[in-house]
Amino acid sequence: MAGSPVQVTGTVLTTRRVDAYHALTVVAPGIADRCRPGHFVTASVGGPNTSMLTRRAFAVHDVKPDYGGTVELVFGVRGPGTAWLADLRARDTLDLVGPLGRPFPLPRDPCTCVLVGGEYGSASLFALADALQARGCRVDFVLGAPSADRVFGALRARRMGETTTLTTEDGSLGMRGKVTDVLPGVIADARADAVYACGPMDMLRGVTAVAVEFDIPVQVAVEERMACGIGVCMTCVLPVIGDDGVTRMVRACTDGPAFRGERVRFEDVGTIPFDALGAPGGRHA
Amino acid sequence: MELPNPVLTASGCGGTGRELAQFSDVARLGAFTTRSITMAPRAGRPTPRMAETPSGLLNAVGLQGPGVDAFLQHELPWLVERGTRIVVSIGGGTAAEYAALARRLADVPGITAIEVNLSCPNIEDRGRVFAREGSAAAEVIASVRAATRYDVPVIAKLSPDVADVVAVARACVDGGADALAMINTPVGMSIDVDTMRPALAAGTGGLSGPAVRPLAVRCVWQVHAALPGVPIVGMGGVTTGRDALELILAGACAVAVGTALFNDPYACPRILRELEELLQRRGLDRLADAVGLAHRPAGSQQRTRTDLEESSL
Ligand SMILES: Cc1cc2nc3c(=O)[nH]c(=O)nc-3n(C[C@H](O)[C@H](O)[C@H](O)COP(=O)(O)OP(=O)(O)OC[C@H]3O[C@@H](n4cnc5c(N)ncnc54)[C@H](O)[C@@H]3O)c2cc1C
Ligand SMILES: Cc1cc2nc3c(=O)[nH]c(=O)nc-3n(C[C@H](O)[C@H](O)[C@H](O)COP(=O)(O)O)c2cc1C
Ligand code: FES
């Protein structure tokens, strides 16, 4: 692991709106210098006497060396926790734990990678693109969302990527449709060697199916409901096939969030597959 | 059972120990309590397994775990090597299964105590949990006690979801329990009003966190009043040193920390530090002086037993 996680009481440096999202830059030395692409952090929400007991997980969008190290988070308001975060102002404090999870593995040799982001999922792809390009890889982007205001990072993708293809379901930006509609063309044109994807589970399933069709490796970063983020509560599990061919209910927070796409049993997420290790009435290997 | 300090982790809330060790030394805990170990590997319940409620957490993990063999091979040795005091929690579907688990653990060195999670469905009683009924709980405890080395204490973990927690506690002690742990999570439920479906895949789940602390304080209070000589490990919503002290004043001689670890992975050493400061400020040199202290009559320094009415109505 790239350094063990720490808890930091950070100070909010800047807040900004980016279309449908909020971006929060937090001074968090100790977390920033340990972050690798694909890592996430968790934030305690609601202040000191909060009634919200569980931390909220966010991908690290950007890491900068300023003020000893800052991390930037990008999020949409979903419920009370993200609403509280959206009200934070510069100089407020924010309690973070990180870096958490298993980051994206990087290819050993230069190759061509397609990076697919759905909604705010693209937030974690730019640090990845940086790392890939530093290794001499070619990077192509495919970003999508239901509507234009929910496509995150299109400008930056255009600056960094060899090509950038955008999709929206309502046609308000780029091609009308989903990322999976355009992905086969992008993979074929770029002669891509690998795919990385981050976004909603449905999208990850579709992207994996396309990559499998092309017989190229695919890394997906999954999102599951998490109570702890550090691997102790066992609430964030999903069925993943191990090296030994056995399906286990593994923790998204510590065994992931990055997995090899073809190993994730997307059809069975939210269930205990009958052949999973320890499934009721199943195999007790 | 001698522990270096009175702050433990609660079963099912500290992972394998390795995860917490990234933040602080597990050997400095009063003890590390394992998740409830079962005979066979268990995949647990489907997701979503958690829902946040006001100052609480609902969970339905369903005792996911590797089974006793993998536990003894991959998890326990790591804890033993670090010099951790280890409370092994066990769970089963029949008294015989609990006894078989206790036998598997009997020859294993390094186990400080066995905690019996009685909030498991009794296969032979239409899935009613053992903790709901004194005789079922006592049968399990007696079979575990008989299979466990004499110098390893057996702790009965009780549920607040009973009409008379004192009756179950007494039955467990009569069955051979050396100590009691309370409370396990009461069963709760939450419905997502947007999807108009239960928030948890399992429908119901166990409620933990500060939301249940008054329940824990009441259970510890009643049991300590009835069985003042029996050591109690108190738990349920302990988040600060003050919370720990509250359970100790009610009659617990140690506390366990569960849900608070999810928000603060350093919770155990912090709570211990806060508790020590609070005791000192109150002029209590020894923790033992504080145990059950709230039972003394108002205005007196004497410790006498106070019974609580069964109902507050
Ligand atoms: C590894 C990871 C990375 C993430 N990165 C981002 C990101 O970069 N930007 C972003 O906007 N969101 C991200 N999320 C989702 C984000 O964690 C949720 O939107 C947030 O927890 C919702 O909190 P809330 O209080 O607003 O909503 P509520 O729905 O009220 O939350 C209630 C509870 O459910 C949990 N929860 C609800 N939805 C999710 C979810 N999708 N994932 C995990 N826990 C959830 C919360 O932690 C909380 O305990 C990420 C999730 C994970 C697991
Ligand atoms: C996610 C989770 C898993 C748990 N797993 C177990 C378990 O395996 N065995 C057990 O006896 N109690 C289990 N518990 C109950 C706790 O040990 C504890 O009794 C309860 O949560 C109250 O303490 P708390 O409010 O500090 O969490 C679990 C609780 C939670 C939240
Ligand atoms: S969120 Fe707790 S184990 Fe993954």
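On a predicted model such as this, the values are computed, not experimentally measured, just so you know. In what follows, chains carry the letters A, B, and so on, assigned in the order in which the sequence lines appear, proteins first and then strands, with residues in each chain numbered from 1.
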Could you look at A:Arg251 and say if it's the side chain, the backbone, both or neither that has a heavy atom under 4.5 Å from chain B? side chain

If you tally heavy-atom pairs under 4.5 Å between each of B:Gly209, B:Ala201, B:Pro48, B:Gly44 and chain A, the highest tally belongs to B:Gly44

Side chain proximity check, B:Pro210 to A:Leu53, heavy atoms < 4.5 angstrom: yes

Winner by heavy-atom pair count (cut-off under 4.5 Å) against chain B, out of A:Leu238, A:Thr42, A:Thr235: A:Thr235

What part of B:Arg45 is in contact with chain A, defined as an atom under 4.5 angstrom from a non-hydrogen atom: side chain, backbone, both or neither? backbone

With a 4.5 Å cut-off on side-chain heavy atoms, are B:Thr47 and A:Arg225 touching? no

Please classify the contact between A:Thr54 and chain B as side chain, backbone, both or neither, with a heavy-atom cut-off of under 4.5 Å. both

Are more than 12 heavy atoms, taken from residues, nucleotides or ligands other than A:Phe266, located less than 6.0 Å from that residue's CZ atom? yes

Quick check on the structure: residues of residues 189-200 of chain B within a heavy-atom distance below 4.5 Å of chain A, by number. none

So with a 6.0 Å cut-off around CG of A:Asn49, is the heavy-atom count from everything else above 12? no

Output the option from B:Arg42, B:Arg35, B:Arg49, B:Arg18 having the highest count of non-hydrogen pairs under 4.5 Å with chain A. B:Arg49

Applying a criterion of heavy atom separation less than 4.5 Å, what residues of residues 263-271 of chain B form contacts with chain A? B:Asn263, B:Pro265, B:Tyr266

Do you know the tightest heavy-atom contact between A:Met249 and B:Ala43? CG-O, 3.7 Å

Output yes when B:Glu52 and A:Arg56 qualify as a salt bridge under the 4.0 Å nitrogen-oxygen rule, no when they do not. yes

What are the two closest non-hydrogen atoms of A:Ala227 and B:Phe262, and how far apart are they? O-CB, 3.5 Å

Under 4.5 Å to a heavy atom of chain A? For B:Thr53 that would be backbone

Look at the side chain of B:Gln64 and the backbone N and O of A:Met234, then say whether any donor-acceptor pair between them is shorter than 3.5 Å. no

